[in-house]
Protein chains: 2
Amino acid sequence: MESYKTLEKIFYKINDLRQTQAVLHWDTATIMPVGGADARSEQLATIESIQHALITDESINELILDAESKLDSLNPWQKSNVIEMRRRWKHASAVPQKLLKEFVKAGSKCEMVWRSAKVDNDFKQLVPALKKVVNLVREIATIKSKTFGCDQYTALLDQYDPGRTTQDLELVFEDLKQFVPGFIAEVIEKQKSRSQLLPLQGNFPMEKQKRLAKEIMKILGFNFNYGRLDESRHPFCGGYPSDIRITTRYDESNLIPGMMGIFHETGHALYEDGLPRSLRGQPVGEARGMSVHESQSLFMEMQVCRSRSFLKYFLPMVKQEFNVDGAQWEVDNVYNSVTKVQPSFIRVDADEVTYPAHILLRYYMEKYLVSGEMEVEDLPDAWDQGMERFLGIRPSSDKEGCMQDIHWMDGTFGYFPSYTIGAIYAAQIAKAIKADKPNFYSDIEQGKFSVIKKWLGVNIHENGSKFSTSELIKQATGSELDITAYKDHLKHRYLDEQEG
Amino acid sequence: MESYKTLEKIFYKINDLRQTQAVLHWDTATIMPVGGADARSEQLATIESIQHALITDESINELILDAESKLDSLNPWQKSNVIEMRRRWKHASAVPQKLLKEFVKAGSKCEMVWRSAKVDNDFKQLVPALKKVVNLVREIATIKSKTFGCDQYTALLDQYDPGRTTQDLELVFEDLKQFVPGFIAEVIEKQKSRSQLLPLQGNFPMEKQKRLAKEIMKILGFNFNYGRLDESRHPFCGGYPSDIRITTRYDESNLIPGMMGIFHETGHALYEDGLPRSLRGQPVGEARGMSVHESQSLFMEMQVCRSRSFLKYFLPMVKQEFNVDGAQWEVDNVYNSVTKVQPSFIRVDADEVTYPAHILLRYYMEKYLVSGEMEVEDLPDAWDQGMERFLGIRPSSDKEGCMQDIHWMDGTFGYFPSYTIGAIYAAQIAKAIKADKPNFYSDIEQGKFSVIKKWLGVNIHENGSKFSTSELIKQATGSELDITAYKDHLKHRYLDEQEG
């Protein structure tokens, strides 16, 4: 018990540093003046190194070993906390600090090169920096795979989505590979019979968008005593429980994208807000991992807010706020707009049906890059072929092809799959809630979100990292990772044109 | 040289943590949701303790001793840097960590009690918490005075204004004690012959105030690539060079107070921005101390922006921005308004002439509290007597009396004098610039501030902490702390009604 208490103290301290990093990251993405970038990098590097030193201190392994040998004296939360501490320690101590520093530096460098290479649409410019990053990722994956006794790609996945394995993904992505391209074609054919879309463009002053956004966030369950809404180039959810900061990007001529960003990030925010209060600051009190996190945002955005029921509730608010009206603001037209399927080049703008194709492509690309079956130089061709294969379109430039995402540039390999695993979990969760709460859609239509929030609270949020991801999802939905619910949802919504 | 280089590295790291604290403090004061307060305290405490551990590490004293023994191998900047490192180490290591923690905790506690005691106007409620703080301040002052070989109050002054002694202050404040009350009466009598003030109230939408503020800040020399303007309850200048963040408070019915806040903080900001670039991140690269810092803000606010010349330049901007006009916006009326002298209870709202009376009072109060010549219980009576003595008015409540300022509550004793020393330095600096640049006022009237910025840059800003405060001021103005320039300025402006 004594070792456990000592560990708790150390992890509270580590948590303070992690939260500080979260504030600095948020600040960088939202309001930092451009000239502050260099100082900010130094601050982040120093805090990271202090944190790394704390967690890799020689005493930590001893303390964890001791706590592990006395698990019987701990309650279930504490036991799970020890497991999470071990996991953090394992990842932090596996890689020599020198290699880690080199990796971080190469990532920053590559990100910088990428920004200008992307503007110039010049992949060649990017190659040396990205090769360096990929080589270091391979090196780290090799070390971790040996230490953890798993394959290399699993070692990377585990960094973002604890417990996730290449094998899980193979099952899912092999299925999706078969399913997605044909399904997209079917949906496009089906949607030809929809009425002509009326454009939703107009004049939506930013201040009014913000006002509306805050109103709907509150209705969805966001508490502004413990969080904020701001703007950034890419929407994200930052901060930490008690100070959760979501951002979006507003387009004054088009309301919908900014609002969808807000719905998505509100899903993330409710998860953070609902994490177990008494475990705040300890590893077990944190969100389970990226796929569960993404399940929460996608559940909110895709399952709740892109439904006809939600639009029935929300569109009157829009009409009132912006004093707009007309056939284009009828539920059917807006619904057809937010469920319109159309292959496109840019992942972050993709619709619900084509999105998994973007992830499939990235999954195979990064797996082959890590294993060495592919080299950085091969990326543009392989990318274009993959786009052709999965989406039937070919980007006319690398800038809207393999250079569009930041992820690989800063060394984030093994993250992309979380988006699609999250979408699958979201569908499983939706199925489970609907079975449990038959008034799901009628509640939404009336703007009653408390039942949903409570269900997510009890079944997902309040569990923090007490269970493994698959245990958590199984307890919540009755099954482990289950692609059927996801495919059923897509078929139901996009072929049957049904809700519920 | 090797020790020096090692020290440099450690102090860069300490600087990263100090800058991080600056971001967290700014965030707390401007945008943090209320619910984030607890997490923020923990973050700040953790970063403070890491920083304290770094600077009090056993090796530091050895390294500084070694560097001190090899000063000949260092250039003048490096020599001064070693002096500043020693000073930092001296302050950090003098007080046992346990006592320091107790002090910080007592300060937070007292600040909290103060907030509600102030609302309730109930000094008794505050007494136990403030006594605890005062006792700890006495303890710290005693330890530091023994370690540093100086009197107790000097030990406290040195924390905020390196090199400042009780003796300096005695000279100045004994003089002011004689001068101020009579001078206030003279000025009030004199101002009776001014025309009746026309009120400046109106409708000044916040967005327009911000726009105007940013425009005038740029003209004064503020670079928004390296800084921001935001809002907070009390105006301040936060951040650090490359990311300087000033704040103000807007009143939509009255333009002037918010703008004066901006001019003041812009003075601070230009100092930070002008600090020597190549020494950034080292102690010698930082601002010299609080009295010099305050000299920069007061120079900008009092000497530059409360002049007729400045108003001649600025008022047309105001008229255009807010579409206002009329006799009340004539230079004479606005000038009479911003130089109006009137004893009042609240320091932060005081005019230039009555301000030193507020500081005199606080100087004697805090000196007696620290020495034990006065106890916390005696404060309300002593305060009211002091107000009567220096300003001829008696507050009707402790809330607008001895409970108005936050300073003592969190343990800040020895800080108040910097405001008046800063005002004196500002007058010395103005005298020196005017002698050097005879076009001082005509430049201001034409909105040409570059000459002034450059003069301050060369003579003050770019010196960082290379020299002691008195050396710096002597080099810049030709004399050490010199109350004559200040009194001359006041007489010239308020009795002779002259500019320049």
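In this text, all values refer to a predicted model and were calculated from it rather than measured experimentally. FYI, side chains are in, hydrogens and waters are out, and symmetry mates aren't considered; it's all heavy atoms of this structure. In what follows, chains are A, B, ... by sequence order, proteins preceding strands, each numbered from 1.
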Q.
Please check if the number of heavy atoms outside A:Lys109 that lie under 6.0 Å from its NZ is greater than 12.
A. no
Q: Kindly indicate, with the supporting measurements, whether the criterion side-chain contact (heavy atoms from CB on, under 4.5 Å) is fulfilled by B:Ile50 and A:Ile50.
A: CA-CA 9 Å; B:Ile50 292 169; A:Ile50 292 168; 3.9 Å; yes
**Q.** Residue among B:Ala45, B:Gly281, B:Ser242, B:Ala39 with most heavy-atom pairs under 4.5 Å to chain A
**A.** B:Ser242
(Q) Would you say NZ of A:Lys101 has more than 12 non-hydrogen atoms from neighbouring residues, nucleotides or ligands within 6.0 angstrom? (A) no
Q.
Please classify the contact between A:Arg280 and chain B as side chain, backbone, both or neither, with a heavy-atom cut-off of under 4.5 Å.
A. neither
Q | Interchain contact, A:Ile31 with chain B, by part (heavy-atom threshold 4.5 Å) | A | both
Q) For A:Asn225, is it the side chain, the backbone, both or neither that has a heavy atom under 4.5 Å from a heavy atom of chain B? A) both
Q: Indicate yes or no: at least one non-hydrogen side-chain atom of A:Thr20 is less than 4.5 angstrom from one of B:Thr46.
A: no
Q) So which of A:Asp230, A:Val34, A:Asn15 has the largest heavy-atom pair count under 4.5 angstrom toward chain B? A) A:Val34
Q: Check whether any side-chain heavy atom of A:Arg40 sits under 4.5 Å from a side-chain heavy atom of B:Val23, and report yes or no.
A: yes
Q) How many angstroms lie between atom CD of A:Gln43 and atom NZ of B:Lys13, to the nearest 0.5 angstrom? A) 14.5 Å
Q. Taking everything shown except A:Glu252 itself, do over 12 heavy atoms lie less than 6.0 Å from its CD?
A. yes
Q.
Taking the basic N atoms (NZ, or NE/NH1/NH2) and the acidic carboxylate oxygens, is any pair closer than 4.0 Å for B:Asp27 and A:Arg245?
A. yes
Q: Could you look at B:Tyr12 and say if it's the side chain, the backbone, both or neither that has a heavy atom under 4.5 Å from chain A?
A: neither
Q.
Quick check for you: among A:Asn223, A:Ile244, A:Asp243, A:Leu24, which has the greatest number of heavy-atom pairs under 4.5 Å with chain B?
A. A:Asp243
Q: Answer yes or no: are there more than 12 heavy-atom neighbours, outside B:Glu2 itself, under 6.0 Å from its atom CD?
A: no
